[in-house]
Asker: 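The structure follows.
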Amino acid sequence: MNTTKTSKVPVALTIAGSDSGGGAGIQADLRTFAFHCVHGTSAITCVTAQNTLGVTRVDAMAKEAIEQQIKAVCEDIGVQAAKTGMLLNQEIITTVVKQIDTHAIPNLVVDPVMVSRTGAQLIDDEAVKTLRDSLIPLATVLTPNRYEAQILSGLEIKSLDDMKAAAQTIHEKLKVKAVLVKGGGMQGSLRGIDIWFDGKNLETLFTQLVATKNTHGTGCTLSAAIAANLARGDSLFKAARQAKEYVSYALNNALDIGKGQGPVGHFFPLLKK
Ligand SMILES: Nc1ncnc2c1ncn2[C@@H]1O[C@H](COP(=O)(O)OP(=O)(O)OP(=O)(O)O)[C@@H](O)[C@H]1O
Ligand SMILES: Cc1ncc(COP(=O)(O)O)c(N)n1
């Protein structure tokens, strides 16, 4: 019998929503995994009708469907890292927490999709509480944007020092291993700066500000890249630092499609202009 030897490729799982426009959600996550040579698997939590102008409809998946997707991947394939994205409500969050625990999913990156970069709350207060109290404590790395960091820390964030204080407060209060407070929602040049804290190292991750309107999927891409790097065996800070560089390249190669905010460009290494 001709048995071809399968390569031991790292595997990552995204537990997130589907973005019909392809710019964010599992679509962005799976592309990001692929360009990190990580086999991507997915558990869809909700389906959004979405494009570069916004979201026109969201349908939550049944909790049994989410459970079975995660079970199917973990029982047969196994994963070395995972990320969570849009978890619409308390029932979905509770379901995901149970599955993460049941399957002892390692290297969990939680992208708390609670508030958009412009400050619009995306999930209800009950879901925010469940996310904070049940899911976030399981995170290896938490990647809140400015507004999410304000809610989770209870601090106002206007400056770099505020970002540092919020990162340390979140780490202390929510017991996550590491937190990366993202600066995309800040003003001016702060938009390209993120603050990392892991209980020991307080680091400023800086990349040049990219002058583009096409930033859809930036947060998803960052958290997916961190998960991919962790699946490949990188240390926590190295995984975050490299993911930041990847997002910066992706922003510099963003796609000018649609009438609104286009997606970041994941495939730049292969397509020469
Ligand atoms: N114009 C920009 N130039 C450089 N880096 C940017 C820019 N905008 C965002 N970033 C970076 O992209 C990452 C995502 O940050 P952001 O605060 O936008 O998260 P988010 O709100 O979750 O994402 P999204 O904006 O996709 O909803 C961070 O590393 C941030 O520093
Ligand atoms: C299905 C889905 N998940 C997540 C986001 C947030 O995307 P971003 O990376 O732009 O914060 C989105 N717009 N749609």
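Just so you know, these numbers use all the heavy atoms, side chains as well, and skip hydrogens, waters and symmetry mates. Whatever order the structure lists ligands and atoms in, that order sets their numbers, starting from 1.
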Asker: Ligand 1 versus Val210, non-hydrogen atoms closer than 4.0 Å: side chain, backbone, both, neither?
Answerer: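 Under 4.0 Å from ligand 1, Val210 contributes backbone and side-chain atoms.
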
Asker: Charged N to carboxylate O under 4.0 angstrom, Arg241 versus Asp234?
Answerer: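 Salt bridge absent between Arg241 and Asp234.
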
Asker: Which ligand 2 atoms does Gly17 reach within 4.0 Å, using its non-hydrogen atoms?
Answerer: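 What qualifies from ligand 2 is 1 (C).
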
Asker: Is it true that the side chains of Gln261 and Thr215 contain a donor and an acceptor less than 3.5 Å apart?
Answerer: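 Looking only at side-chain atoms, Thr215 and Gln261 do form a donor-acceptor pair, the distance falling under 3.5 Å.
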
Asker: For atom 8 (N) of ligand 1, what's the nearest protein heavy atom and its distance?
Answerer: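 Result for atom 8 (N) of ligand 1: Arg117 NH2, 3.3 Å.
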
Asker: Is any N or O atom of Arg191, backbone or side chain, closer than 3.5 Å to an N or O atom of ligand 1?
Answerer: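 It does: an N or O of Arg191 is found under 3.5 Å from an N or O of ligand 1.
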
Asker: Determine yes or no for a side-chain-to-main-chain donor-acceptor pair under 3.5 angstrom, with Lys259 supplying the side chain and Thr52 the backbone.
Answerer: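 No; zero donor-acceptor contacts below 3.5 Å.
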
Asker: I'd like to know whether ligand 2 has Ala16 as a neighbour, heavy-atom separation below 4.0 Å.
Answerer: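 Heavy atoms of Ala16 never come under 4.0 Å of ligand 2.
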
Asker: Do you know which two heavy atoms are closest between Asp19 and Thr48, and how far apart they sit?
Answerer: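 In terms of heavy atoms, the two residues are closest at CA-OG1, 3.4 Å.
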
Asker: Please work out, at 4.0 Å between heavy atoms, whether the side chain, the backbone, both, or neither of Glu148 comes within that distance of ligand 1.
Answerer: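 Near ligand 1, Glu148 shows nothing, with every heavy atom at 4.0 Å or more.
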
Asker: Would Asp162 and Lys158 pass as an ion pair if we require N to O under 4.0 Å?
Answerer: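 No, this pair does not count.
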
Asker: Examine the proximity of ligand 1 to Thr218 and report which part, side chain or backbone, both or neither, has a heavy atom under 4.0 Å away.
Answerer: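 Both parts.
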
Asker: I'd like to know whether ligand 1 has Ser248 as a neighbour, heavy-atom separation below 4.0 Å.
Answerer: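 No.
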
Asker: Looking only at protein heavy atoms, which one is nearest to atom 6 (C) of ligand 2, and how far off is it?
Answerer: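 Looking at atom 6 (C) of ligand 2, the protein heavy atom closest to it is Cys220 SG, 4.0 Å.
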
Asker: Distance under 4.0 Å to a non-hydrogen atom of Asp194: what atoms of ligand 1 satisfy this?
Answerer: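 Every atom of ligand 1 under 4.0 Å from some heavy atom of Asp194: 28 (C), 29 (O), 30 (C), 31 (O).
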
Asker: Identify, for atom 14 (N) of ligand 2, the protein heavy atom at the shortest distance, and state residue, atom and that distance.
Answerer: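 Of the protein heavy atoms, Gln50 NE2, 3.2 Å lies nearest.
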
Asker: Would you mind running through ligand 1 and noting each atom that sits below 4.0 Å from a heavy atom of Gly192?
Answerer: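 Close to Gly192: 4 (C), 5 (N), 31 (O).
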
Asker: Under 3.5 Å between any N/O of Lys244 and any N/O of ligand 1: does that happen in this structure?
Answerer: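 In this structure, Lys244 places an N or O atom under 3.5 Å from an N or O of ligand 1.
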
Asker: Can you check whether Gly217 has an N/O within less than 3.5 Å of an N/O in ligand 2?
Answerer: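 Indeed, backbone or side chain, Gly217 has an N or O that close.
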
Asker: What are the atoms of ligand 2, with element, lying closer than 4.0 Å to any heavy atom of Thr218?
Answerer: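 Those of ligand 2 that fall under 4.0 Å from Thr218 are 9 (O).
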
Asker: Suppose we screen for ring pair (Phe, Tyr, Trp, His ring centres under 6.0 Å). Which residues come up paired with His39, at least two apart in sequence or across chains?
Answerer: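 Applying ring pair (Phe, Tyr, Trp, His ring centres under 6.0 Å) to His39 gives none.
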
Asker: Any heavy atom of Met186 closer to ligand 1 than 4.0 angstrom?
Answerer: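 Judged by the 4.0 Å heavy-atom criterion, Met186 does not count as contacting ligand 1.
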
Asker: Would you mind running through ligand 2 and noting each atom that sits below 4.0 Å from a heavy atom of Gly219?
Answerer: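 Within the 4.0 Å cut-off of Gly219, ligand 2 contributes 9 (O).
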
Asker: Only heavy atoms of His216, strictly under 4.0 Å: list the atoms of ligand 2 that pass.
Answerer: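 The atoms of ligand 2 under 4.0 Å from a heavy atom of His216 are 10 (O), 13 (N).
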
Asker: Just let me know how Leu205 lines up against ligand 1, side chain, backbone, both or neither, with a heavy-atom cut-off below 4.0 Å.
Answerer: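 Answer for Leu205: neither.
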
Asker: Has ligand 1 got any nitrogen or oxygen that is less than 3.5 angstrom from a nitrogen or oxygen of Asn145?
Answerer: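 Yes, at least one N or O pair falls under 3.5 Å.
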
Asker: Among the heavy atoms of Ser18, does any lie under 4.0 Å from an atom of ligand 2?
Answerer: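 Yes, Ser18 has heavy atoms under 4.0 Å from ligand 2.
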
Asker: What's in the same ILVMFWY side-chain cluster as Ile226, cut-off under 4.5 Å, chained through other members?
Answerer: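 Same cluster as Ile226: Val109, Val141, Leu180, Trp196, Leu205, Val210, Leu222, Leu230, Leu236, Phe237, Val247, Leu251, Val264.
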
